K.L.:
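Here you go, one structure.
Chain identifiers are assigned alphabetically (A, B, ...) following the order of the sequence lines, protein sequences preceding nucleic acid strands; residue numbering begins at 1 within each chain. All values reported here derive from a predicted model rather than from experimental measurement.
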Protein chains: 2
Amino acid sequence: MKSNLTPLGPKADKDTVRRSNLSLVLRAVRDEGEGEATRAGVAARVGLTRAAVSSLVEQLLESGFLTESGKTFSGQAGRPGTALKTARTGPSGLGVEVNIDYVSVCVVDLAGTGRVRLTEHLDNRGTPPAEVLARAARIAARTLDSAREQELFPVGVALALPGLVSGGAVRQAPNLGWNQVPAEELFAASLAAERPGRRELPVRSENEANLAALAELWFGGLDRVRSFLYLTGEIGVGGALVIDGELLRGAHGFAGEIGHVVVDARGPQCRCGSRGCLEQYAGQAALLRAAGVEGGGGLAVAELEKRVRAGDERAVGAVAEAGRMLGRVLSGAVNLLDPDAVVLGGIYRNLMPWLSPHVDEELTGRVVSGLWSPGGGRLRASSVAGDAARGAAALVMTDVLADPVAYADRAQA
Amino acid sequence: MKSNLTPLGPKADKDTVRRSNLSLVLRAVRDEGEGEATRAGVAARVGLTRAAVSSLVEQLLESGFLTESGKTFSGQAGRPGTALKTARTGPSGLGVEVNIDYVSVCVVDLAGTGRVRLTEHLDNRGTPPAEVLARAARIAARTLDSAREQELFPVGVALALPGLVSGGAVRQAPNLGWNQVPAEELFAASLAAERPGRRELPVRSENEANLAALAELWFGGLDRVRSFLYLTGEIGVGGALVIDGELLRGAHGFAGEIGHVVVDARGPQCRCGSRGCLEQYAGQAALLRAAGVEGGGGLAVAELEKRVRAGDERAVGAVAEAGRMLGRVLSGAVNLLDPDAVVLGGIYRNLMPWLSPHVDEELTGRVVSGLWSPGGGRLRASSVAGDAARGAAALVMTDVLADPVAYADRAQA
């Protein structure tokens, strides 16, 4: 039996309740979407009185978190209300994705909308980690300059990193060749050096597939899907689990490593030390090799897509085989976790028409619940919205949305 | 970003707070264990004042949930306190495990201690589900008679069933041959017929591996392990996931089906419709066949254990091979979920000395985090305490522990 021995009613003082309700109202306005929110609508949504909501809205308007525009007619009787929106300036979040062959930096505003994006394609393998992170910090500093011109002031940074991330460090990132890299510390020092005299930004870090999954959850139009498995085909095969709208991080933060589930115990050696991992069958390198496409990176993937669309037999066959291997591993994961959906991102997204029938076939044949069927809607391509840099930036914003008062000094330029 | 739009502070009235605090104190006394709980100790543990705890304890003593015994010396300065214990009579839970070749019924008291147990070994395959459940109800009725003699009054029943359970029904139980069986309804009707004129007991149902995992969590001495994968070798291979002390049930209640994770895509046909499922390599039937032991059930398993202990080469080899297959599938599950531990129960428990080195070897070689090593303590045998009937009975008790006042009428004989 659960032993949650926290006494009820930690006599929350008025100030705490008000701060929490400010957060509630701010999030409600954001969730209503462009130009749809009224005081009455928010009151109905959050279950507070109209008067209470009006007072909270006043404070959020004054401190610059909300803006108000023209009249809106709700379709109901009574006076028209004015439409509320989250401010397009003020506190924002900075997300920095450091991946194998690119660095992408993104700034999002209160609504989670991407407002600035700077991506540089470059091969990060073979470069010392400190140098990669210093380069990422330079890209971030440039992005911050653009944000400032739009009167957006990031309150923190989240790093999206391809590997096992915990305690601020990359424990292992086989595809980058990183081992025990104190990524947060290195990045923070580099960023501070790029911006002498400026307020230092707190830095956090997270696995990139986890952040891409959060972006998918928050912005991907998944509707009522609250539990899903997210796979992203990159040079590695990343994975993340979202259960009831929350990331499942695992006991040490290492959950989601679906790329290293065994397909064939005696299969090819994997960089992780094991043999026959999914990555060896459905990762980018394996897929390109099987399709007979030379080289790697974005150009090679584009060539693969071109050949598949043109009906090239070898390319189509390679994608089908990768689909079967994905489906086999996914059927096991679905039997274990019973998610609402499986979302495929990265290089799989554009390949879905050729990939999904084979994934579906394995899932249909192997998922015990019988809930998985071809075209049943449970297997989905990720949306473009689901990228790790945006997820990272939005993660920073969760702090602001949870307690806007704490960031009121940044809300007004 | 999360959209939890529930307003803070649902102005809990005094009565609600008091009921919740009664639960808190009752659970604190239970958690302190035999003869260890004093008012002062409970107050320190739950963070309420000594005066508040004394008043709550009085009410729990009066309504029969607690008893008080002789003096205890806390080792600290001050007056000795009296030792508090949960009552050994009153509200209790009834757990009914209906498995392939046995029915086991258990009554637990407030402390979760098993007080009555009635097990009948019989083959439930080939018998119509309604008949199996009627038989289970007869066994339950007999158990209730024994409980009444001990002044224990079950307040509800939980059924532990081997298969996909949701909405009160067994959706599918391949090893029993059940399909869409409304188990709760059938059992409740049979139990009511066995006990004319008696108060009807509410019936709930749950997958048996889930309940065995809860029993392991609550009574298995797992210490600080709060996230684990539980596997139970029976005729099928059942599984359950406990994450942060909570069952992960999945979007439809079907999570944990590790027995149907693929080992070899072209392997033997499984009863679930797929091929090469773990069950075909490490389930009871496969293990007995590979070891050359004839027959099935408890006697055959005992024979297998005897041969393994005697060093019979074929038996030892069969167990080793099953261990490798378990390890392969478990390495994938650990890469996905990053649990603190893996617990093996059922027929695996007694085979651990021969099984675990092979499971460990696969886990060590294949888990990306590098946290798994031979004898590292993460792979464990389940305790005897971890049985599904006890877990089911204890599940019923969570309601009583959460709101004792609601059951005060049953607390006094």
K.L.:
Between chain A and each of C277(B), C272(B), S369(B), A333(B), count heavy-atom pairs under 4.5 Å; write down the option with the most.
P.N.:
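Of C277(B), C272(B), S369(B), A333(B), S369(B) has the most heavy-atom pairs under 4.5 Å with chain A.
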K.L.:
Name all residues meeting the side chain to side chain donor-acceptor pair (under 3.5 Å) criterion together with R249(A); count only those two or more places apart in sequence or in a different chain, and write none if there are none.
P.N.:
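Counting only residues at least two positions away or on another chain, R249(A) forms a side chain to side chain donor-acceptor pair (under 3.5 Å) with E206(A).
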K.L.:
Which answer fits L337(A), side chain, backbone, both or neither, if we ask what part of it has an atom under 4.5 Å from a heavy atom of chain B?
P.N.:
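Both backbone and side chain of L337(A) come within 4.5 Å of chain B.
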K.L.:
Picking from P174(B), A255(B), G365(B), G332(B), which has the most non-hydrogen pairs under 4.5 angstrom with chain A?
P.N.:
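Most heavy-atom pairs within the cutoff with chain A belong to A255(B).
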K.L.:
What part of L248(B) is in contact with chain A, defined as an atom under 4.5 angstrom from a non-hydrogen atom: side chain, backbone, both or neither?
P.N.:
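The side chain, not the backbone.
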K.L.:
What's the separation between atom OG in S274(A) and atom CG in L363(B), rounded to the nearest 0.5 Å?
P.N.:
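Here the interatomic distance stands at 10.5 Å.
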K.L.:
Does E321(A) have more than 12 heavy atoms from other residues, nucleotides or ligands lying within 6.0 Å of its CD?
P.N.:
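Yes - once you tally the heavy atoms of other residues, nucleotides and ligands closer than 6.0 Å, there are more than 12.
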K.L.:
Examine whether an atom of S331(B) lies under 4.5 Å from a heavy atom of chain A, and if so say whether it belongs to the side chain, the backbone or both; otherwise answer neither.
P.N.:
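Side chain only.
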K.L.:
Looking only at heavy atoms and a cut-off of under 4.5 Å, which of V261(A), V367(A), V263(A) has the most pairs with chain B?
P.N.:
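It is V261(A).
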K.L.:
Minimum heavy-atom separation for L241(B) to L336(A), with atom names?
P.N.:
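What the structure gives for the nearest pair is CD1-O, 3.3 Å.
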K.L.:
What part of I243(A) lies closer than 4.5 angstrom to a heavy atom of chain B: side chain, backbone, both or neither?
P.N.:
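Contact with chain B involves the side chain of I243(A) alone.
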K.L.:
Can you tell which part of R171(B) gets under 4.5 Å to a heavy atom of chain A, answering side chain, backbone, both or neither?
P.N.:
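Interface part for R171(B): neither.
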K.L.:
Provide the closest heavy-atom pair for R366(A) versus V262(B) in the form atom of the first, atom of the second, distance.
P.N.:
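Residues R366(A) and V262(B), closest heavy atoms: CD-CG2, 3.4 Å.
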K.L.:
Check the pair V368(A) / L164(B) against side chain to side chain contact (heavy atoms under 4.5 Å, CB included), numbers first and verdict last.
P.N.:
CA-CA 9 Å; V368(A) 175; L164(B) 301 177; 3.8 Å; yes
K.L.:
side-chain hydrogen bond (donor to acceptor under 3.5 Å, both in side chains), that's the test. Do H252(B) and D338(A) meet it? Break it down for me.
P.N.:
CA-CA 7 Å; H252(B) 319 89; D338(A) 182 24; 2.7 Å; yes
K.L.:
Select, from S227(B), S166(B), G239(B), A251(B), the one with the greatest count of heavy-atom pairs under 4.5 Å involving chain A.
P.N.:
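Maximum pair count with chain A is reached by A251(B).
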K.L.:
Would you say L371(A) and F254(B) make side-chain contact, with heavy atoms under 4.5 Å?
P.N.:
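Yes; the side chains approach each other to less than 4.5 Å.
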